[in-house]
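What follows is a short report on a single structure.
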Amino acid sequence: MSGMQVNSPTGPGTLQIGTVMSSYLAAMLTWDAGTVRSHPALVNLGPFQVGTEAAQQFQLSGITRATMASYGEGATVIEQEIEVAKGDASSARWALAFKYTDELRYRSPAMRAGAIVNGIFTVAQKTLITNIASLSSSLTGTLGTSGAAFTHDLFMAGKAALEDASVPGPVMCILGNKQFSDWQIDLEGRGGLTQWSAAAAQMQQFMGGSIYKGTYDGIDVFAFPDAPTANAGADYLGMMVGAGCLGFTEEAIPPSDLANVIAASGPLMIEGDREATAGTDTVVGTYRHGVVVIEAARGVPLLSRAS
Amino acid sequence: MATTKPQALAAPAAADFVGRAPAGGDAGRVLRLLPSPAFSLWMHAASLQVVPTPKDLRTEEAPAWELVPLLSTQSHEGGLAGIAQMASKTGEVNLTKHVAVRARTGWIPAPPNVEVTAFGAKEQGYVRVFDVPQGKLYLDAWTRPYQHAGGISFRHDRVGYHLFLRSCMTALRSYIEPEDLEALASGLERLATLARGGSRMHLDRNRIDDLDARVQFLASNPLSSPSKAA
C-alpha cells in the first residue's frame, strides 16, 4: 500500500531492528505520500490525554458563520445564539500477529522480523485509510446512481457540491478501485477542455498498487479496493471530503514492563513473542486509533458500480 | 444398522486393521476469505436513492423507478464512528456511543424484524456469518460467496435486496416522512446537466436519459402515495 519500502536489516536478531526501525517508523508515519494520515483534509484530533476515558471529545462552534447587522445609534444589538456541537472520537485496539517457526525463519528471508515489521507498518496505514473510507456511508446527500459507471461528470458534480456548500479545502477524494478505473475510461473518451488538461493526463497514469492516484483540479485522489460498498456489495460508496469533515485520533499506550518491544512509535507498537517450547516466534503489531465524522455537511458520498 | 444393545467385541486379528480413508484436505470446504466485522444497516431520511425496479418485480402498473433508502453499513468494530473499546478482558466493544452518535445525526436502524428473503428462501435476518480461517466473516444475506478453483466469486440477489429496501422505506416513512426530495433531485439534475454539456466526443445518450427519467420520477412526487411494500 505504501510506496516507500524500509531496507530490511541483513543481520539476524532483533536488537538491530529495535534501534533502527523505530526511527524509520516515526518518519514514515508522517512523511509517506501513500497514506492519507498526513493529508491536511483530515483533522488529527491529537493523542489521548493520559487518564481520560476511551473517548476524545471535541467541540465545534459556528461563531464565524454569523454575520453582523447594521444598527442605528442607541439601538440594542440582538444577540445570536452560538451554534455549538460536541463530538466524541473513540480509539480502539487494532492488531495483527504473525507466527512462524524456527525452520521457516531460517529458510525463508520473508520471515525475518525486519520484513514483518515493514509489512505490519504498511498494514497499519491500510487499516487507517480503510477505516477513514468506511465513514462515507455516514455522510448524506449521495451523488451518483446505483449500478452505473463512475464518470467524470460524477467527479465534477462532487466538486460542485463542495464548492456550493463553501466547504474549505484542501479536498480529498477516496474511491474504490473500480470507480477509479471507470473514471479513467470515461476521461479517455472526453473531448473539449478536459481532453487536453494536464490533470486528465495525470489521472491516466498507471499507478499500480499505490493508493494515491494524483491530483485533479486540486483534489487529491486516492483509490483502493477496500473502499466501502453499498447496495449489498453491488456498488462502491466513495466520497469527496473537504477539510474538517473527518477526523481521527490515536492513542499511545506505553509498553508493558514485561514487553519485548521491537519498535514503538507512538500509536503503533510492534512486539515480539518467543515461545521456546514450540520453537516459534510471533510478531504482533498494535495500532490504537479511531475515526469519526466531525461535520457531515463537508463531504459528499459518490455512488457507482463496484463490478 | 442401529442397535441400542452393546455388542460384544471380538479381539481382532492383527490383519484385521483396515484403517480408513483419510478425510482429505478441507481446502474446498473452508471459505478462503479474510474476516470482516459484524455490522448493522442504518437508514436516513436524507440518504435516499432512485433505483430501477428489478425486472422480476415489475408489473404493468408498477413504476419503473422507486425511491428507496441508501443504507449505511455500520461496522461494529471499536474505533469507528464513536465505538469505544470496553476496558475489559472480554474485548467487547461498547456500542452505546455509536448508537447515540447515529441517533443524534438522524440515523435510524434498519428494521431488524422485517421478513428477509434471499435467493428465494426466508432468512433469519439480514446478516449471515461464515467461518473463515482467521475468524468470522459477516456478509449481508443477499451476497453469497462461491469458491472455485480460480478463486471466489460473489453472487447477489438483487430481487431479495430490493424487497428489503422497500420494507426499509415503509419503516423509514413510519418514523419520519422524507419531506424534501429537492436535494436528491438537484444532485441528479446537476449530473444530467454535466453529462449533457461535458462530453462532446463521448456523449452517452442512454445515461443522460436515465438521469432525466429519475429526475422526472422525483418530480412526480413519489411520496404522495403510500409505499408499495407489502
Side-chain angles (χ1 to χ4, degrees), chain A residues 53-55 85 87-94 131 134-149 151-154 156-157 160-161 164 186 188-195 228-235 237 248-249 251 288-293 296 300-301 303 307, chain B residues 42 44-52 70-75 77-87 91 93-94 97-98 101-102 105-107 139-143 154 156-158 160-161 164-165 183-184 187-188 190-195 198-202 204 207 210-211 214:
Chain A
E53 61 168 315
D88 301 300
S90 301
S91 116
R93 178 175 171 237
W94 289 72
N131 290 345
S134 76
L135 297 174
S136 72
S137 75
S138 299
L139 310 176
T140 54
T142 307
L143 288 169
T145 53
S146 174
T151 59
H152 187 54
D153 306 322
L154 185 49
M156 298 311 272
D164 292 352
D186 190 42
E188 187 67 40
R190 286 274 154 174
L193 190 64
T194 310
Q195 186 180 13
T229 57
N231 286 324
D235 300 311
L237 193 65
F248 67 97
T249 183
E251 187 175 23
R288 290 180 181 271
H289 67 284
V291 298
V292 72
V293 175
V300 56
L303 182 77
S307 57
Chain B
W42 292 70
H44 196 286
S47 181
L48 301 172
Q49 57 178 342
V50 181
V51 295
L70 176 64
L71 297 178
S72 163
T73 308
Q74 177 59 59
S75 155
E77 199 78 63
L80 295 171
I83 304 182
Q85 187 126 34
M86 231 183 226
V93 293
N94 186 354
K97 254 177 193 151
H98 143 68
V101 166
R102 281 271 177 183
T105 45
W107 292 90
L139 288 177
D140 54 76
W142 308 279
T143 304
F154 293 93
H156 302 286
D157 178 20
R158 301 291 169 95
Y161 184 63
F164 181 73
L165 286 181
L184 181 56
L188 290 170
R190 181 186 283 139
L191 266 178
T193 311
L194 282 165
S199 58
R200 296 193 180 84
M201 288 168 71
H202 191 64
D204 192 341
R207 183 177 146 69
D210 207 58
L211 288 166
R214 283 170 210 246

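Sequence lines set the chain letters: A, B, ... in the order given, protein chains first and strands last, and positions in each chain run from 1.
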When heavy-atom pairs shorter than 4.5 Å are enumerated against chain A, which of B:Gly78, B:Ser72, B:Gly187 gives the highest number?
B:Ser72

So, A:Ser91 side chain and A:Arg288 main chain: donor-acceptor pair closer than 3.5 Å or not?
no

Less than 4.5 Å to any heavy atom of chain B: does that hold for the side chain of A:Val291, its backbone, both, or neither?
both

Toward chain B, the part of A:Ser307 with a non-hydrogen atom under 4.5 Å
neither

Sort B:Thr143 into side chain, backbone, both or neither according to what part of it lies under 4.5 angstrom from a heavy atom of chain A.
side chain

Residue from A:Ala149, A:Gly290, A:Pro301 scoring the most non-hydrogen pairs under 4.5 Å with chain B is A:Gly290

Okay, side chain of B:Ser47, backbone of B:Leu70: is any donor-acceptor separation there less than 3.5 Å?
yes

When A:Gly147, A:Ser138, A:Gly87 are compared by non-hydrogen pairs under 4.5 Å with chain B, the top option
A:Ser138

If I measure from the heavy atoms of chain A, does B:Leu139 come under 4.5 Å with its side chain, its backbone, both, or neither?
neither

Under 4.5 Å from any heavy atom of chain A - which part of B:Val51:
side chain

Answer with yes or no after comparing the ring centroid distance for B:His156 and B:Trp142 against a 6.0 Å cut-off, counting only values under it.
no

Exam field: side chain B:His44 to backbone B:Thr105, donor-acceptor pair closer than 3.5 Å
yes

If I measure from the heavy atoms of chain A, does B:Trp42 come under 4.5 Å with its side chain, its backbone, both, or neither?
neither

With a 4.5 angstrom heavy-atom cut-off, could you sort out which part of B:Leu48 is near chain A: side chain, backbone, both or neither?
neither

Turns out that what part of A:Thr151 lies under 4.5 Å from chain B's heavy atoms comes down to side chain

Taking C-beta and beyond as the side chain, do A:Leu135 and A:Phe248 meet within less than 4.5 Å on heavy atoms?
no

Is A:Ala148 in contact with chain B via its backbone, its side chain, both, or neither, using a 4.5 Å heavy-atom distance?
side chain

With a 4.5 Å cut-off on heavy-atom pairs, point out which of A:Ala230, A:Ala234, A:Ala296 contacts chain B the most.
A:Ala234

One pair to check against side chain to side chain contact (heavy atoms under 4.5 Å, CB included): B:Leu184 and B:Arg214. What are the steps and the verdict?
CA-CA 10 Å; B:Leu184 181 56; B:Arg214 283 170 210 246; over 6 Å; no

Side chain, backbone, both or neither: which part of A:Leu139 has a non-hydrogen atom closer than 4.5 Å to chain B?
backbone

Residue pair A:Asn131 / B:Glu77, side-chain heavy-atom distance below 4.5 Å
no

Relative to chain A, which segment of B:Ala46 carries a heavy atom at a distance below 4.5 Å: side chain, backbone, both, or neither?
both

Just by modelled atom types, is the A:His152 backbone N or O under 3.5 Å from a matching donor or acceptor in the A:Asp186 side chain?
yes

For chain B, the option from A:Leu154, A:Asn231, A:Thr145 that forms the most heavy-atom pairs under 4.5 Å:
A:Asn231

Could you walk me through whether B:Phe164 and B:Asp157 pass the side chain to side chain contact (heavy atoms under 4.5 Å, CB included) test, one step at a time?
CA-CA 11 Å; B:Phe164 181 73; B:Asp157 178 20; over 6 Å; no

So which atom in A:Thr142 and which in A:Leu237 form the shortest heavy-atom distance, rounded to 0.1 Å?
CG2-CD1, 3.9 Å

